[in-house]
Protein chains: 2
Amino acid sequence: MANESSAAYRRSPCPVACALDILGDKWTLLVVRDLMLGRSRFKEFMDSLEGIPTNILTDRLVRLERHGAVEKRPVPSGVRRHTYHLTEKGEALRSVIRSLVDWGLDYEEGTEAGLEPSV
Amino acid sequence: MANESSAAYRRSPCPVACALDILGDKWTLLVVRDLMLGRSRFKEFMDSLEGIPTNILTDRLVRLERHGAVEKRPVPSGVRRHTYHLTEKGEALRSVIRSLVDWGLDYEEGTEAGLEPSV
DNA sequence: AAATTTGCTTGTTTTTAGCAAGTAAATTAT
DNA sequence: ATAATTTACTTGCTAAAAACAAGCAAATTT
């Protein structure tokens, strides 16, 4: 999967446009949501209800890391596994997620929060 | 351009997932931003710095209308022109846009608010 | 009345998403 | 200890969406 030129491409200096250059798709913010719920392993993201495809998940984790919103930590034992965590920049997205939760709950029927450690 | 089956397709009952089914792409929230800045005509959206393609703009306006976030008003004179406006549901996205503005300003260098009637 | 602008539609190309299968290391079960 | 399973991915293919370009008719401006 090609990246969008790896250098920081930017459509305009608008902070919204810029945020959407990073976050603007169907999956990225769901991965962020999962990270906020304390999930940290590849499999845990996979197991979310929405069923993200593996290659998309890989791509999004790489992109979030590249943009400094996610940190990839190796699991001590020196093995291949790692865990993913939000950086301060990633944590700062909490209010975005919260607004989306509120909007969804208020205007889309049949949605329910049910996200254990409240986002 | 095909629509995603017109019936309310939903990946999961999560309000975030549901919100992203509607808003999760590079352009939709920029159109919402423009509407919040008081822009209401096709040309005005076109003139935004990001340069949205005409067919994408048409599609996003239709989708937002279909989801009840935008209202299309005919201009009195009975002519073909109309203006687009946020409904209450669309207005409720203001906090989402605001969070994105804040995040962009805080973490993406070179972004500037400069959006006249403050979003 | 001619030229330009507005608000689109249509077609084509390019990019991205999504699905399915495969793989090697690590873990668990026997 | 060995086999089966699970985890964490990669690769290849197909389908969908975005992007680009052109065209066009109604409305507005010159």
Side-chain angles (χ1 to χ4, degrees), chain A residues 1-7 9-12 17 20-31 34-35 39-66 70-85, chain B residues 1-7 9-12 17 20-31 34-35 39-66 70-85:
Chain A
M1 190 162 299
N3 59 17
E4 82 289 27
S5 84
S6 111
Y9 163 75
R10 200 164 276 188
R11 286 178 285 175
S12 85
L20 293 176
D21 283 335
I22 301 169
L23 311 167
D25 69 87
K26 272 171 44 184
W27 293 108
T28 303
L29 286 172
L30 287 186
V31 174
D34 284 353
L35 286 159
R39 293 169 193 154
S40 65
R41 300 223 327 269
F42 199 88
K43 174 72 161 37
E44 296 182 280
F45 305 127
M46 291 296 303
D47 288 347
S48 286
L49 285 173
E50 294 83 12
I52 187 170
T54 52
N55 55 342
I56 302 288
L57 176 55
T58 300
D59 182 72
R60 293 306 124 88
L61 287 169
V62 169
R63 274 175 48 177
L64 284 168
E65 197 192 4
R66 196 154 34 79
V70 158
E71 186 195 353
K72 191 176 186 170
R73 287 188 208 146
V75 165
S77 41
V79 291
R80 189 178 53 143
R81 274 173 48 185
H82 7 247
T83 54
Y84 299 91
H85 303 269
Chain B
M1 190 162 300
N3 58 17
E4 83 286 30
S5 84
S6 108
Y9 163 76
R10 200 163 277 189
R11 286 178 286 175
S12 85
L20 292 176
D21 283 335
I22 301 169
L23 310 167
D25 68 88
K26 271 172 44 184
W27 293 109
T28 304
L29 285 171
L30 287 186
V31 174
D34 284 353
L35 286 159
R39 293 170 193 153
S40 64
R41 301 225 323 273
F42 198 88
K43 174 73 160 39
E44 296 182 280
F45 305 127
M46 291 297 303
D47 288 346
S48 286
L49 285 173
E50 294 84 14
I52 187 170
T54 52
N55 54 344
I56 303 288
L57 176 55
T58 301
D59 182 73
R60 293 306 126 88
L61 287 168
V62 168
R63 274 175 49 178
L64 284 168
E65 198 192 4
R66 195 153 37 78
V70 159
E71 186 195 353
K72 191 174 185 172
R73 289 187 207 146
V75 165
S77 43
V79 291
R80 188 179 52 143
R81 275 172 49 184
H82 8 248
T83 54
Y84 300 91
H85 304 270

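So you know, we letter chains A, B, ... as the sequences are listed, proteins then strands, and number each from 1.
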Participant: Report the distance from atom CG of B/D59 to atom C1' of C/dG7, rounded to the nearest whole Å.
Facilitator: 16 Å
Participant: So does A/T54 get a side-chain nitrogen or oxygen closer than 4.0 Å to the phosphate oxygens (OP1/OP2) of D/dT10?
Facilitator: no
Participant: Rounded to the nearest angstrom, tell me the gap between atom CD1 in B/I56 and atom P in D/dA18.
Facilitator: 5 Å
Participant: At under 4.0 Å between heavy atoms, what does B/Y84 touch on the DNA or RNA strands: base, sugar-phosphate, or nothing?
Facilitator: sugar-phosphate
Participant: For B/D34 and B/R39, work out which heavy atoms get closest and say how close.
Facilitator: OD1-NH1, 2.7 Å
Participant: How long is the line joining NZ of B/K43 and P of D/dT29, in whole Å?
Facilitator: 12 Å
Participant: Taking all non-hydrogen atoms of both residues, which atom of B/D25 and which atom of B/R60 are closest, and how far apart?
Facilitator: OD1-NH1, 2.7 Å
Participant: Distance check: side-chain N/O of B/R41 vs OP1/OP2 of C/dG7, anything under 4.0 Å?
Facilitator: yes
Participant: Think B/T58 has a side-chain N or O under 4.0 angstrom from the OP1 or OP2 of C/dG7?
Facilitator: no
Participant: Whole angstroms only, please: what is the CG-P distance between A/L57 and C/dA20?
Facilitator: 17 Å
Participant: Given D/dG12, D/dA8, C/dT10, identify the nucleotide with an atom nearest to the side chain of A/N55.
Facilitator: D/dG12
Participant: Send over the distance from A/R39 CZ to D/dA8 P, rounded to a whole Å.
Facilitator: 14 Å
Participant: Please report the shortest heavy-atom distance between B/P74 and B/H82, naming the atom on each side.
Facilitator: CA-CB, 3.8 Å
Participant: Nearest of D/dA19, C/dC19, D/dT10 to any side-chain atom of B/W27?
Facilitator: D/dA19
Participant: Grab the CZ-P distance between B/R63 and D/dA17 for me, whole Å please.
Facilitator: 8 Å
Participant: B/F45 has an atom CZ; how far is it from atom C1' of C/dT5, in whole Å?
Facilitator: 17 Å
Participant: Does A/K26 make a side-chain N or O approach to OP1 or OP2 of C/dG18 shorter than 4.0 Å?
Facilitator: yes
